[in-house]
Amino acid sequence: MKARASPVILRTTCRKGRLPLQFEPLDQFQQRQKKLEEIRALGYAVYPHEFRWTETPAALVEAFAETPAAELEAHRREVRVAGRIVSYRLMGKAGFAHIQGAGKRIQVYVKLDVLGERAFKLFQLLDLGDNVGVAGHLFRTKTNELSVWVEELTFLSKALLPLPEKWHGLTDIEIRYRQRYLDLLANEKSRQVFLTRARIVQEMRRFFDGRGYVEVETPMMHPIAGGAAARPFITHHNTMDIDLYLRIAPELYLKRLVVGGIDRVYEINRNFRNEGISTQHNPEFTMLEFYEAYSNYRDLMELNEQLFALLAEKVTGSTTVRYGEHQLDFAKFQKLTMREAIEKYWPAEAGAAPTPAELAAPGGPRAAVERYNQWAGRTGAARITAKGQPCDGEWTGLLFEEIAEKHLIQPAFIYDFPTEISPLSKQKPEDPALTERFEIFAGGMEIANGFSELNDPAEQERRFLEQIAQGGEEAPKQLDADYIRALCHGLPPAAGEGIGMDRVTMLLTDSHSIRDVILFPLLRPEAPEAKTETPGAFAGEKD
RNA sequence: AGGGGCGUAGCUCAGUGGUAGAGCAGCGGCCUUUUAAGCCGAAGGUCGUGGGUUCGAUCCCCACCGCCCCUACCA
């Protein structure tokens, strides 16, 4: 949208204690520094250390929303309240402003004959964006707006740069992401999204803590990147002189902890994947991953039904949540095996849909792909393609992704994944071609992935070696022998799952880009500005 | 990575092949119950960057940069 997000940064020479940077708009920046000096000259501390308040602006507005003027007069309510100035109207010897705090704004009224010369002069030197504290009593104006009759005005800090425009607010998407603090100040909706996100994390913790789970933190820097198929970021430790990978999943460490007797364990933390960026992908994203000994994937599916219904209810007040044009019902999950999903969503015009039995037969998935591609070729739809020589399981996965995934708007479990694409999952006893694995889809996105954990070290080693042999950028390069050793010490039967917290937040806040639920999403760094020598940068200070 | 869109004042946006405009914010003045306060006045822009076409480019063409969307990879 914008060439570069303002402000333009002008570099100046750094002199002892002086602000080395200047920011656009320069005229306002300098104007406000001048006012700051005038405030100092009046004898006010320009960076005071605290303000004792009694209520936030939001609390006042809420608590006295209905209190009539007469009652406020009769029972005078003294308050001390602090916030950021978001509107300002000076009218000669009186003035109004709104100060914003805890997401809401309250009006304050100042009068020369109440405040006195010095404090009123201070009020005249205020700008939109400044932080102030006021002490006084509540009253209602002629137009019946709840306001603070200010008896004492305290300067708290200066905004040297202007706030976004007050009427339209901040709409520039790039600035909203790069300078999130402005977005949070200007857009209540954005503030709400991040408060809701915090609430989601809180409720998740409550849910797992209440079931005897222990929260842990495992390494984010891994000598071997494992636990998922993804390209890792590489970093380097100087003293040890070794390369490390930012983790792509905590899975293998958490299961070591289950070996160690922490039977119910979870972690909420970041994963890093060196892959594409989109409305559903940020290079670092937050996963809740949990493991439960002695349970299988069916137990987990049941747990998830409880979890998501409860979460939606607690966070939005209802188990039914609006997401764009849809109403997602988190109290009702569709359940389909992967093969059933392919059959169900197979396009009618593409000929007979492959049955689960057909997809189970050797060469069946491959044949279905060919049939699908013939149809795709005729209609111009995307063909299913793969590098190398995919096996039946991989073809099945590709079919599912192409045909079914986008239709999974309502919450759904897709289960029984091919073993070939599930290297850490336990096979189904009656069919070793399939594993006890499920994924949860909602809003057309994958939001969770869980399975009965493979705990047979011999089989795990075989699967790892197979992965490595297949190669590819996303396959591990090295056998994680330490993990196999841990399995050799005996991992009890267990089920585990990872939940994409960012995506869950998207669903519960009706956000359609992952960047709207991540405070500081990854953006390309702003182009460095040309260095400009600007001597005597500060008002009243010359070198 | 490929395709599409966008980039004009601090913010939100108009606009034109002939040297750029509004509202808000900022500056000076008036104003002691306003609330998108009002009124008067002055200011503010290498129209994303670099080339090209042209007598002349913010506008047309090309390249580059950044952001957004879609597709691909992925969760």
Side-chain angles (χ1 to χ4, degrees), chain A residues 1-8 23-32 34-35 69 86-98 105 107-115 120 127-129 139-145 147 149 159 161-178 182 186 228-231 248-249 271-287 289 382 385 387 401-402 405 439-441 445-449 472-474 498-504 506 512-516 521 523-528 530:
Chain A
M1 301 217 82
K2 283 276 143 77
R4 55 182 104 76
S6 62
V8 172
F23 296 91
E24 292 285 359
L26 243 197
D27 56 335
Q28 294 196 39
F29 188 70
Q30 289 169 343
Q31 182 64 40
R32 286 166 182 239
K34 203 180 296 170
K35 286 184 182 175
V86 290
S87 81
Y88 179 85
R89 296 173 294 284
L90 178 63
M91 296 167 308
K93 297 188 177 66
F96 288 92
H98 280 93
R105 48 188 61 184
Q107 181 167 263
V108 301
Y109 176 55
V110 299
K111 266 161 74 93
L112 171 61
D113 48 17
V114 174
L115 277 188
F120 194 76
D127 284 296
L128 288 182
F139 77 110
R140 284 192 184 273
T141 60
K142 270 188 199 166
T143 52
N144 208 37
E145 178 167 351
S147 308
W149 182 280
L161 292 168
L163 241 36
E165 198 252 5
K166 66 179 177 188
W167 186 241
H168 298 92
L170 178 62
T171 61
D172 186 307
I173 292 167
E174 188 176 349
I175 297 178
R176 287 188 49 219
Y177 294 157
R178 286 194 196 277
L182 295 179
R231 289 157 66 189
I248 56 175
N271 290 342
F272 306 86
R273 299 189 183 175
N274 202 343
E275 283 161 358
I277 294 175
S278 78
T279 46
Q280 289 168 37
H281 304 263
N282 194 60
E284 54 178 302
F285 63 102
T286 302
M287 287 258 289
E289 205 158 310
T385 57
K387 305 175 215 115
E401 282 167 24
E402 185 59 39
E405 206 172 301
E439 286 186 347
I440 298 175
F441 290 84
M445 293 185 287
E446 181 190 335
I447 59 173
N449 177 20
E473 282 189 297
E474 286 149 16
I499 298 175
M501 297 297 284
D502 313 278
R503 290 183 179 177
V504 169
M506 288 169 69
H512 296 260
S513 170
I514 200 167
R515 292 182 210 98
D516 291 326
L523 299 180
R524 198 170 292 279
E526 293 176 80

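Treat the numbers as computed from the prediction; the structure is a model and nothing was measured. Order of the sequence lines sets the chain letters (A, B, ...), proteins ahead of strands, with each chain counted from 1.
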Colleague: What string of B, S and - do you get for nucleotides 27-33 of chain B, 5' to 3', when a contact is any protein heavy atom under 4.0 Å?
Modeller: S---BBB
Colleague: Give A:Arg503 one of three labels, base, sugar-phosphate or nothing, depending on what nucleic acid heavy atoms sit under 4.0 Å from its own.
Modeller: base
Colleague: Can you measure A:Arg32 atom CZ to B:G26 atom C1' for me and round it to whole angstrom units?
Modeller: 7 Å
Colleague: Answer with base, sugar-phosphate or nothing: what part of the nucleic acid does A:Ala229 contact at a heavy-atom distance below 4.0 Å?
Modeller: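 Touches sugar-phosphate only.
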Colleague: Given atom CD1 of A:Ile173 and atom C1' of B:U12, what is their separation to the nearest angstrom?
Modeller: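 Spelled out: CD1 on A:Ile173 to C1' on B:U12 is 14 Å.
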Colleague: Considering Watson-Crick and G-U wobble pairs with both distances under 3.5 Å, what does B:U46 pair with?
Modeller: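 Its partner: none found.
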Colleague: When all nucleic acid strands are considered with a 4.0 Å heavy-atom cut-off, which category describes A:Glu145: base, sugar-phosphate, or nothing?
Modeller: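 If one applies the 4.0 Å heavy-atom cut-off, A:Glu145 turns out to touch a base.
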Colleague: Take atom P in B:U16 and the same atom in B:C6, then report the distance between them in whole Å.
Modeller: 15 Å
Colleague: From CD1 of A:Ile277 over to P of B:G66, roughly how many Å is that when rounded to an integer?
Modeller: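 Distance check: A:Ile277 CD1 to B:G66 P gives 12 Å.
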Colleague: With C1' as the reference atom in both, quote the distance from B:C31 to B:A22 in angstrom, rounded to an integer.
Modeller: 25 Å
Colleague: Which whole-number value in Å describes the distance from A:Asp172 CG to B:G66 C1'?
Modeller: 11 Å
Colleague: Please list, chain by chain and in numerical order, all residues satisfying salt bridge (Lys or Arg N to Asp or Glu O under 4.0 Å) with A:Asp516, sequence neighbours excluded.
Modeller: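 A:Asp516 satisfies salt bridge (Lys or Arg N to Asp or Glu O under 4.0 Å) with A:Arg176 only.
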Colleague: Using atom C1' in both nucleotides, what's the gap between B:C62 and B:A43 to the nearest angstrom?
Modeller: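 About 38 Å, rounded to a whole number of Å.
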Colleague: Tell me whether the rings of A:Tyr109 and A:Phe139 are parallel (<30°), tilted (30 to 60°) or perpendicular (>60°).
Modeller: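 It falls in the tilted class, 30° to 60°.
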Colleague: Looking at every strand, decide which applies to A:Asn282 at a 4.0 Å heavy-atom threshold: base, sugar-phosphate, or nothing.
Modeller: base
Colleague: Both A:Gln280 and A:Leu523 contact RNA chain B. Taking the nearest nucleotide for each, which residue is further toward the 5' end?
Modeller: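 Nearest nucleotide further toward 5': that of A:Leu523.
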Colleague: Whole angstroms only, please: what is the CZ-P distance between A:Arg273 and B:A75?
Modeller: 6 Å
Colleague: Which whole number of Å gives the distance between the C1' atom of B:G45 and that of B:C55?
Modeller: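 Pairwise C1' distance, B:G45 against B:C55, rounds to 25 Å.
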Colleague: I'd like to check the ring-ring contact (aromatic ring centres under 6.0 Å, His included) partners of A:Phe285; sequence neighbours left out, ordered by chain and number.
Modeller: none
Colleague: Going by the rule salt bridge (Lys or Arg N to Asp or Glu O under 4.0 Å), which residues pair with A:Glu439 if we only count those two or more places apart in sequence or in a different chain?
Modeller: A:Arg437
Colleague: Please determine, for B:U58, whether a Watson-Crick or G-U wobble partner exists with both distances under 3.5 Å, and give it or none.
Modeller: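 Paired with no nucleotide.
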Colleague: Tell me whether the OP1 or OP2 atom of B:C69 has a side-chain N or O from A:Arg515 closer than 4.0 Å.
Modeller: yes
Colleague: Under a 3.5 Å distance rule, please check whether A:Ser87 uses its side chain to pair with a backbone N or O of A:His98 as donor and acceptor.
Modeller: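 Yes, because the side chain of A:Ser87 sits within donor-acceptor range (under 3.5 Å) of the backbone of A:His98.
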Colleague: Looking only at side-chain atoms of A:Glu174, point me to the closest of B:U34, B:C73, B:C67.
Modeller: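 Nearest to the side chain of A:Glu174 among the choices is B:C67.
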Colleague: Using purine N1 to pyrimidine N3 plus N6-O4 or O6-N4 for Watson-Crick, or N1-O2 and O6-N3 for G-U wobble, both under 3.5 Å, which nucleotide pairs with B:G21?
Modeller: B:C13
Colleague: When we call it a touch if two heavy atoms are under 4.0 Å apart, what does A:Gln28 touch: a base, just sugar-phosphate, or nothing?
Modeller: base
Colleague: Taking C-beta and beyond as the side chain, do A:Phe120 and A:Val110 meet within less than 4.5 Å on heavy atoms?
Modeller: yes
Colleague: With sequence neighbours excluded, tell me which residues meet salt bridge (Lys or Arg N to Asp or Glu O under 4.0 Å) with A:Arg515.
Modeller: none
Colleague: Could you measure between the two P atoms, the one in B:G15 and the one in B:C70, and give it in whole Å?
Modeller: 27 Å
Colleague: Scan every strand shown for a Watson-Crick or G-U wobble partner of B:G7, both distances under 3.5 Å, and answer none if you come up empty.
Modeller: B:C65
Colleague: What heavy-atom pair brings A:Leu128 and A:Arg32 nearest, and what distance separates the two atoms?
Modeller: O-NH1, 3.1 Å
Colleague: Round to the nearest Å and state the distance from A:Leu170 atom CG to B:A25 atom P.
Modeller: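 In whole Å, B:A25 P and A:Leu170 CG are 17 Å from each other.
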Colleague: Can you tell which of B:A72, B:C11, B:C70 lies closest to the side chain of A:Ile175?
Modeller: B:C11
Colleague: Starting at CD of A:Gln30 and ending at P of B:G44, how long is that distance when rounded to a whole Å?
Modeller: 15 Å
Colleague: What is the pairing partner of B:G26, taking Watson-Crick or G-U wobble pairs with both distances under 3.5 Å in any strand?
Modeller: none
Colleague: Return no unless some side-chain N or O of A:Ser513 is found under 4.0 Å from OP1 or OP2 of B:C69.
Modeller: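 Result: yes.
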Colleague: Expressed as a whole number of Å, how far does the P atom of B:G18 sit from that of B:C47?
Modeller: 16 Å
Colleague: B:C27 and B:A9: how far apart are their C1' atoms, nearest whole angstrom?
Modeller: 15 Å
Colleague: Would you measure the distance from the C1' atom in B:A75 across to the matching atom in B:G3 and give it in whole Å?
Modeller: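 After rounding to an integer number of Å, I get 24 Å for this pair.
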Colleague: Do the side chain of A:Arg273 and the main chain of A:Arg231 share a donor and acceptor less than 3.5 angstrom apart?
Modeller: no
Colleague: Nearest whole angstrom, please: distance from the P of B:U71 to the CD of A:Glu401.
Modeller: 14 Å
Colleague: Does A:Thr279 place a side-chain N or O at less than 4.0 Å from the phosphate oxygens OP1/OP2 of B:C70?
Modeller: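 Yes, because at least one side-chain N or O of A:Thr279 sits under 4.0 Å from OP1 or OP2 of B:C70.
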Colleague: Who passes salt bridge (Lys or Arg N to Asp or Glu O under 4.0 Å) against A:Glu145, sequence neighbours left out?
Modeller: none
Colleague: Any base atoms under 4.0 Å from A:Gly500, or only sugar-phosphate, or nothing? Heavy atoms, all strands.
Modeller: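 Nothing, no heavy atom under 4.0 Å.
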